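Everything below concerns the one structure shown next.
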There are 2 protein chains.
Amino acid sequence: MVTKATSIDIAYKAGVSQSTVSRALRDSPLVNLETRQRIQAIAKELNYKVDKNASNLRMQNSQTLALLLCEDPTNDDSLINPFFLSMLGSITRASAQKGYDLLVSFQQLSSDWHADYEDSNKADGIILLGYGDFVDYERKLAKLLEQNTHFVIWGAEHNHKSVLTIGCDNHQGGVSATEHLLSKGHKNIAFIGDSSSHSPEFRDRYLGHLAALKKAGIKDNSAMQFAAISTETSGFDATNALLNSGESFDAIFAASDLIAIGAIRALNARGLKVPADVAVIGYDDIPVASFANPPLTTIKQNTKLAGEILVDSVLKLINGEQVSPQLIPTNVVIRQST
Amino acid sequence: MVTKATSIDIAYKAGVSQSTVSRALRDSPLVNLETRQRIQAIAKELNYKVDKNASNLRMQNSQTLALLLCEDPTNDDSLINPFFLSMLGSITRASAQKGYDLLVSFQQLSSDWHADYEDSNKADGIILLGYGDFVDYERKLAKLLEQNTHFVIWGAEHNHKSVLTIGCDNHQGGVSATEHLLSKGHKNIAFIGDSSSHSPEFRDRYLGHLAALKKAGIKDNSAMQFAAISTETSGFDATNALLNSGESFDAIFAASDLIAIGAIRALNARGLKVPADVAVIGYDDIPVASFANPPLTTIKQNTKLAGEILVDSVLKLINGEQVSPQLIPTNVVIRQST
DNA sequence: CTGAAAGCGCTTACAG
DNA sequence: CTGAAAGCGCTTACAG
């Protein structure tokens, strides 16, 4: 095994001190330009790379961010929420662009949770995606706060003022979805998705839905809301419950695309056509949405922008800059399901 | 800002030396049990976490793995191959299970490529997923080899003997796909996917296809193969080319699910029904596959197992153990498109 | 512009 | 069983 070159090896070869090598490699103007270039050339030749452990230890920062994905406990082992996967992609890109590495971790419910990345100096800041169980989650957030960790969470506005939340405007998204259905002439709109405080994002969407109905002068009917988590199966089940309830409806607002796909399957199973008999709108615009049958009208969350803002925000937090929560606007993507 | 506790703080509080603290925290039997427990209790109380930079520097390893995703250059910016995304999930899980952290990086074509993770001591080993341009890729592999990096790649068996490849048995998968179509009575089977050396995995699938035809005594017709990369659009275009070619066919073997979905769209656009007029089989079993219309029959690659084997393999490499390339078997998932 | 020196926070031989 | 000391490979004040 070829042993790795160190700054001392370079110093020896260049006939200068190790400090000078270190300065030269960081391109310090303190070092004579010529010397600097000579040293850099030797470094390249020896295939030298700064030892991050040493430099991080010395500098007391790690130039890496940690991304913690907390999955819904109900999800099956192999399936990751496709929306989070998109976020993962954009966060990876955004942090690379800022010169940060990204440590990714899927939080098992049981485990030590936030894996103490920042505590162990492996990361300078943390991005949290998804809450498993929301109550558990709250406890853990409290601990992060207490330890002065730099972190930002994705999701619905948090009532604790010192938690920095970045999220899409779920309320506005809910309004848009329902207004779109109303514009298509639907009046009896069912909502499929958990609207309790366990799913703050879904709840905001539901509240937006109600607001849009109210504005249109339509009385809402709480019997038209059926709880579901964000899986196809759960959407299927909830839609069957809706069908069995005897309520009459001509449109469904599903709190997520996965739910919408389950809903369509349930409707088809009863011989109902989408959108002819029932219009269905989803939420997220996950990749599957455009391949669904029929292609799904949905509320798009701009994951690219979201990733960038998330990364920017932690970075600001790390640098002690002022940051405030941000709501990212959503937009309706009209396809064939409505 | 609360400053982080160090082992010296604990030593002070416990009235022992720092070395003893270090030993106690690593649960060394050298330290008196009672002292050990006392120290551990204090550590917990102070919310102490070992500084990874310091310990990694000292131990000369990082307990982290790097995952490098090299995307097809043709992919649009926001879209990540869903198959890789599944792999990402399973690799993350597998490495967490082994006590390793995972650094994830999407390789831009332009950039410094492998980001020199191992060189800079940020990772003990590297997992490579996907080749952008295959020729470029080869050059980079050579460099990794030369630098004695511990790495393993996902894909088709590599001709360079010292490159450790883990992959699904693409040849067998190709045989299975075609045998499935044959068993349904199809005789004129088109293959959509690049079968050149630029896409070694697709080529192996194609070779399997040919082998199955031969075994069944059917002459293959090279005019029935149309190149496509793994995107829906590319599959759509290639299928149109097939349709325009005037060749008659009753089944399509698509080299990936994304291609298959594009193929179905192209067939539908010409008024052809799947599977009534043309049967279509895909490859990968990405999440979208089961939501496609009709749900896609496909060759499933076991990503969970693949992730585990990948991680196990780099780990063995790191520990200097013997490792050999592995082919993971595939299986046919029958749905409604055939 | 350059070098000698301190120190980041650990782990672990060495000595007792 | 415990402590004093060296050293992992850097960065950066300090002195010249």
Side-chain angles (χ1 to χ4, degrees), chain A residues 1-40 42-43 46-64 116-124, chain B residues 1-40 42-43 46-64 116-124:
Chain A
M1 168 110 184
V2 190
T3 78
K4 240 151 252 179
T6 71
S7 56
I8 297 211
D9 299 330
I10 299 179
Y12 178 79
K13 242 192 144 158
V16 295
S17 76
Q18 183 268 334
S19 348
T20 300
V21 170
S22 178
R23 286 194 194 96
L25 293 175
R26 320 193 90 233
D27 223 12
S28 157
L30 283 176
V31 179
N32 177 294
L33 181 61
E34 199 198 328
T35 325
R36 217 191 301 168
Q37 287 170 342
R38 187 160 46 91
I39 291 173
Q40 286 170 357
I42 296 176
L46 294 184
N47 224 298
Y48 171 82
K49 296 284 147 36
V50 171
D51 184 304
K52 287 294 182 187
N53 290 133
S55 85
N56 291 343
L57 173 59
R58 177 59 226 242
M59 317 246 290
Q60 292 293 48
N61 81 347
S62 60
Q63 286 288 112
T64 108
D116 310 308
Y117 284 120
E118 190 171 333
D119 287 337
S120 58
N121 274 359
K122 287 208 77 163
D124 299 334
Chain B
M1 169 112 182
V2 189
T3 80
K4 242 152 248 178
T6 72
S7 57
I8 297 212
D9 299 330
I10 299 178
Y12 178 78
K13 238 192 148 156
V16 295
S17 76
Q18 184 268 335
S19 349
T20 299
V21 170
S22 178
R23 287 195 194 94
L25 293 175
R26 321 193 89 234
D27 224 10
S28 159
L30 284 175
V31 178
N32 177 294
L33 182 61
E34 197 199 329
T35 326
R36 217 191 301 166
Q37 288 170 341
R38 187 160 46 91
I39 291 173
Q40 287 169 358
I42 296 176
L46 295 184
N47 223 299
Y48 171 83
K49 297 282 146 35
V50 172
D51 183 304
K52 286 295 181 186
N53 290 132
S55 87
N56 290 343
L57 172 59
R58 176 59 226 240
M59 317 248 288
Q60 292 294 46
N61 80 349
S62 61
Q63 287 287 112
T64 108
D116 309 307
Y117 284 120
E118 189 171 332
D119 287 337
S120 57
N121 275 358
K122 288 207 76 163
D124 299 334

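All chains are named by letter (A, B, ...) in the order of the sequence lines, taking the proteins before the strands, and each is independently numbered beginning at 1. Note that the structure is a prediction, hence the values are computed from the model and not measured.
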Stepwise side-chain hydrogen bond (donor to acceptor under 3.5 Å, both in side chains) test for A:N121 and B:D51: CA-CA 6 Å; A:N121 274 359; B:D51 183 304; 2.5 Å; yes
Protein-nucleotide distance (A:R36, atom CZ; C:dT2, atom C1'), rounded to Å: 14 Å
Distance, C1' atom - from D:dT12 to D:dG16, rounded to whole angstrom: 16 Å
Nearest-angstrom distance from the residue atom CG of B:N53 to C1' of C:dG7: 15 Å
Heavy atoms of other groups near A:L46 CG, more than 12 under 6.0 Å: yes
Partner set under salt bridge (charged side-chain N to carboxylate O under 4.0 Å, His left out) for A:R36, not counting sequence neighbours: A:D27
Nearest-Å distance for atom pair CD/C1', residues A:Q60 and D:dC10: 12 Å
Comparing B:L57 and B:L33 on DNA chain D - which has the more 5′ nearest nucleotide: B:L33
Spacing of B:K52 atom NZ and B:M59 atom CE [to the nearest 0.5 Å]: 8.0 Å
Flag if over 12 foreign heavy atoms under 6.0 Å of CD1, B:I8: no
Whole-Å P distance, D:dG9 and D:dA13: 23 Å
Heavy-atom donor-acceptor pair, B:T20 side chain to B:A11 backbone, under 3.5 Å: no
Protein proximity profile, nucleotides 11-16 of chain C - base contact B, sugar-phosphate-only contact S, no contact -, cut-off 4.0 Å on heavy atoms: BBBB--
Length of the line joining B:Q63:CD and C:dC10:P, which is rounded to integer Å: 17 Å
Residue closer to the 5' end of DNA chain D, B:N32 versus B:N121 (nearest nucleotide): B:N32
Expected output: side-chain B:S62 to main-chain B:N56 donor-acceptor under 3.5 Å: no
Nucleotide C:dC8, atom C1' - distance to CG of B:D9 in whole Å: 14 Å
Validation row: B:D9, B:Y48 side chains within 4.5 angstrom (heavy atoms): no
Pair pattern of DNA chain C in dot-bracket, where unpaired bases get dots and | marks partners in another strand, Watson-Crick or G-U under 3.5 angstrom: |||.||||||||.|||
Length of the CD1-C1' vector between B:I39 and D:dG3, whole Å: 12 Å
Between C:dA4 (P) and A:I8 (CD1): distance, integer Å: 11 Å
Heavy-atom side-chain proximity of A:N53 to A:L57 below 4.5 angstrom: no
N/O (side chain, A:T35) to phosphate O (OP1/OP2, C:dT2) under 4.0 Å: yes
